[in-house]
Asker: 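Sharing a structure with you now.
Hydrogens, waters and symmetry mates play no part in the numbers below; they use all other heavy atoms, side chains included. Letters A, B, ... are given to chains in the order of the sequence lines, protein chains preceding strands, and every chain is numbered from 1.
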There are 2 protein chains.
Amino acid sequence: MRRDVFQAIADPTRRAIITLIAMQAMTPNAIAENFHTTRQAISKHLRILTECEVVKQEQRGREIYYQLEVKKLKEMDKWIEQFRKIWEDRFNQLDNVLSTMKKKKK
Amino acid sequence: MRRDVFQAIADPTRRAIITLIAMQAMTPNAIAENFHTTRQAISKHLRILTECEVVKQEQRGREIYYQLEVKKLKEMDKWIEQFRKIWEDRFNQLDNVLSTMKKKKK
DNA sequence: ATTTTGCGAAACCGAATAGTTGCATATATA
DNA sequence: TATATATGCAACTATTCGGTTTCGCAAAAT
């Protein structure tokens with residue numbers, strides 16, 4: 001069973017959960033109200049997100065607040081980093097072509 | 001069957017393929033040499049990557065060169081963007097705490 | 001003390017996934 | 001023309017995934 005950030009955000013419901021709790025911690029019930037599935041299904045997603053360390057729990061009485069843990073998202077950001085350089089390069093190349101065309105027009 | 005960037009990069013082999021062809025287009029055979037699976041398995045991954053529009057093909061005789069298509073990776077980058085703000089804010093908060101401690105020390 | 005509420009865990013199901021082997025097809029090469 | 005090479009596609013399999021229903025447990029409310 002693979003448990004990493006990439007697998008965590010592969011599911012659209014999990015991405016929505018992440019966005020939802022990004023600003024404030026929420027309980028499973030509160031989260032589930034925003035979806036058309038059962039609380040148990042959300043609970044399962046939360047378990048996966050916890051195992052992937054994308055969220056962390058904070059018990060308060062019988063309620064559990066789930067909060068975003070940005071560290072792992074940063075890891076993914078780091079992976080994309082290598083490609084950001086590529087598309088910036090390609091943009092600059094296009095930019096060069098455009099300015100060359102402009103000069104020729106003159 | 002879901003076909004988006006997030007699903008495309010969920011698999012570690014596919015991530016490796018993406019990194020491999022990032023700098024130069026490659027044929028399925030050449031790509032497969034870098035892995036411990038069959039060429040057909042790689043071919044399947046390439047089909048998924050093509051369907052997700054993360055790579056594009058260029059036929060040259062009987063060979064097919066697969067090349068990275070950065071556009072969709074940018075889409076994912078855009079999704080992370082919203083969280084980048086959060087972790088920068090948290091960093092700044094930490095920074096404030098640290099400078100307050102420094103001032104008090106004085 | 002009893003009931004309600006919030007939650008996770010287990011068992012089950014259909015669909016998707018990642019891999020395999022075998023085959024068909026088109027392009028090179030001898 | 002016959003053969004070798006590059007590739008995709010189909011059928012099959014074991015495993016994982018996302019969901020549901022049912023249950024048990026602990027904390028809160030009555």
Side-chain angles (χ1 to χ4, degrees), chain A residues 1-21 24-69 72 76 79, chain B residues 1-21 24-69 72 76 79:
Chain A
M1 216 182 309
R2 222 179 325 119
R3 284 291 124 105
D4 54 41
V5 215
F6 299 96
Q7 209 261 334
I9 64 157
D11 183 79
T13 304
R14 281 198 291 271
R15 284 201 300 281
I17 291 175
I18 291 173
T19 305
L20 198 58
I21 66 169
Q24 57 179 5
M26 288 174 78
T27 65
N29 262 323
I31 296 170
E33 278 172 16
N34 296 274
F35 298 93
H36 297 279
T37 53
T38 58
R39 177 192 57 78
Q40 284 87 339
I42 298 297
S43 224
K44 254 183 154 183
H45 282 304
L46 287 170
R47 193 163 67 85
I48 292 170
L49 287 170
T50 306
E51 283 169 9
C52 297
E53 295 178 83
V54 173
V55 305
K56 58 183 171 190
Q57 314 174 358
E58 192 196 327
Q59 188 103 25
R60 232 182 286 171
R62 67 178 162 185
E63 292 180 328
I64 301 176
Y65 283 82
Y66 284 85
Q67 192 185 359
L68 183 62
E69 175 73 271
K72 294 284 167 178
M76 201 184 47
W79 185 77
Chain B
M1 215 183 309
R2 222 178 327 120
R3 285 291 123 105
D4 55 40
V5 217
F6 299 96
Q7 208 261 336
I9 63 156
D11 183 80
T13 304
R14 281 198 290 272
R15 283 201 300 281
I17 291 175
I18 291 173
T19 305
L20 198 59
I21 66 169
Q24 56 179 6
M26 288 174 78
T27 65
N29 261 323
I31 296 169
E33 278 172 15
N34 296 273
F35 298 93
H36 297 280
T37 53
T38 59
R39 178 193 56 78
Q40 283 89 335
I42 298 297
S43 224
K44 253 185 156 183
H45 282 304
L46 287 170
R47 193 162 68 84
I48 292 170
L49 288 170
T50 306
E51 282 169 8
C52 296
E53 295 179 82
V54 173
V55 305
K56 57 184 172 190
Q57 314 174 358
E58 193 196 328
Q59 189 103 26
R60 232 181 285 169
R62 68 179 161 183
E63 292 180 328
I64 300 176
Y65 283 82
Y66 284 86
Q67 192 186 0
L68 184 62
E69 175 72 272
K72 293 285 167 177
M76 201 183 46
W79 185 78

Asker: Enter the distance from Met26(A):CE to Gln67(A):CD here, rounded to the nearest 0.5 Å.
Answerer: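 So the gap between those two atoms works out to 13.0 Å.
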
Asker: Is the distance from OP1 or OP2 of dC7(C) to the nearest side-chain N or O of Thr27(A) less than 4.0 Å?
Answerer: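 Checking Thr27(A) against dC7(C): at least one side-chain N or O falls below 4.0 Å of OP1 or OP2.
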
Asker: Holding to side chain to side chain contact (heavy atoms under 4.5 Å, CB included), I want the full list of residues that pass it with Thr13(B), two or more places apart in sequence or in another chain.
Answerer: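 Testing Thr13(B) for side chain to side chain contact (heavy atoms under 4.5 Å, CB included), a comparison that skips the adjacent residues, returns Asp11(B), Ile17(B), Phe35(B), Ile42(B), His45(B).
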
Asker: Tell me the salt bridge (charged side-chain N to carboxylate O under 4.0 Å, His left out) pairs involving residues 26-46 of chain A, sequence neighbours left out?
Answerer: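 Listed by first then second residue: nothing to list.
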
Asker: Distance check: side-chain N/O of Asn29(A) vs OP1/OP2 of dT5(C), anything under 4.0 Å?
Answerer: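 For Asn29(A), the contact criterion (side-chain N or O under 4.0 Å from OP1 or OP2 of dT5(C)) is not met.
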
Asker: Looking at DNA chain D, which of residues 34-41 of chain B put a heavy atom within less than 4.0 Å of it?
Answerer: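 The answer is Arg39(B), Gln40(B).
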
Asker: Compare every heavy atom of Leu68(B) with every heavy atom of Ile18(B), then report the nearest pair and how far apart it is.
Answerer: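 Looking at all heavy atoms of both residues, the closest pair is CG2-CD1, 3.7 Å.
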
Asker: Under a 3.5 Å distance rule, please check whether Arg14(A) uses its side chain to pair with a backbone N or O of Ile9(A) as donor and acceptor.
Answerer: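 Between the backbone of Ile9(A) and the side chain of Arg14(A) there is no qualifying donor-acceptor contact (under 3.5 Å).
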
Asker: Can you sort out the partners of Gln40(B) under side chain to side chain contact (heavy atoms under 4.5 Å, CB included), two or more places apart, ordered by chain and number?
Answerer: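 Expected list: Thr38(B).
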
Asker: With sequence neighbours left out, write down each residue that passes salt bridge (charged side-chain N to carboxylate O under 4.0 Å, His left out) with Glu69(A), or none if nothing qualifies.
Answerer: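 Checked Glu69(A) against salt bridge (charged side-chain N to carboxylate O under 4.0 Å, His left out); matches are Lys56(A).
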
Asker: Identify the heavy atoms of Ile64(A) and Pro28(A) that sit nearest to each other, and give their distance.
Answerer: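 Here Ile64(A) and Pro28(A) meet closest at O-CD, 3.2 Å.
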
Asker: Quick one: list whatever passes salt bridge (charged side-chain N to carboxylate O under 4.0 Å, His left out) with Glu53(A), sequence neighbours left out.
Answerer: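 Glu53(A): salt bridge (charged side-chain N to carboxylate O under 4.0 Å, His left out) contacts with Lys72(A).
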
Asker: Answer yes or no: is there a side-chain heavy-atom contact under 4.5 Å between Ile31(A) and Leu46(A)?
Answerer: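 They are in contact (side-chain heavy atoms under 4.5 Å apart), so the answer is yes.
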
Asker: Applying side chain to side chain contact (heavy atoms under 4.5 Å, CB included), name anything that partners Glu63(B), two or more places apart in sequence or on another chain.
Answerer: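 For Glu63(B), the residues satisfying side chain to side chain contact (heavy atoms under 4.5 Å, CB included) (neighbours in sequence not counted) are Thr27(B), Tyr65(B).
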
Asker: Let me know the distance between CZ of Arg62(B) and C1' of dT25(C), rounded to the nearest Å.
Answerer: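 It works out to 12 Å between those atoms.
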
Asker: Of all nucleotides in DNA chain D with an atom under 4.0 Å from a non-hydrogen atom of chain B, which is the first and which the last going 5' to 3'?
Answerer: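 Here the contact window of chain B covers dA4(D) to dC9(D).
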
Asker: Between dC7(C) atom P and Gln57(A) atom CD, what is the distance in whole Å?
Answerer: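 Atom CD in Gln57(A) sits about 11 Å away from atom P in dC7(C).
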
Asker: Quick one: label Tyr66(B) by what it contacts on the DNA or RNA (base, sugar-phosphate, nothing), any heavy atom closer than 4.0 Å.
Answerer: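 Contact class for Tyr66(B): sugar-phosphate only.
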
Asker: Please name all residues satisfying side chain to side chain donor-acceptor pair (under 3.5 Å) with Gln57(B), sequence neighbours left out, ordered by chain then number.
Answerer: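 By the side chain to side chain donor-acceptor pair (under 3.5 Å) rule, Gln57(B) matches Tyr66(B).
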
Asker: Treating primed atoms plus P, OP1 and OP2 as sugar-phosphate and everything else as base, which nucleotides of nucleotides 12-18 of chain C get B, S or - for protein heavy atoms under 4.0 Å?
Answerer: ----SSB

Asker: With sequence neighbours left out, write down each residue that passes side chain to side chain contact (heavy atoms under 4.5 Å, CB included) with Arg3(B), or none if nothing qualifies.
Answerer: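 With sequence neighbours excluded, Arg3(B) shows a side chain to side chain contact (heavy atoms under 4.5 Å, CB included) to Met1(B), Gln7(B), Ile48(B), Glu51(B), Cys52(B), given in chain and number order.
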
Asker: What integer distance in Å separates Gln59(A):CD from dG8(C):C1'?
Answerer: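 Taking atom C1' of dG8(C) as the reference, CD of Gln59(A) is at 11 Å.
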
Asker: Tell me, which stems hold DNA chain C, with a stem being 3 or more Watson-Crick or G-U pairs in a row and both distances under 3.5 Å?
Answerer: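 Result, WC/G-U stems under 3.5 Å: C:1-30 with D:1-30.
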
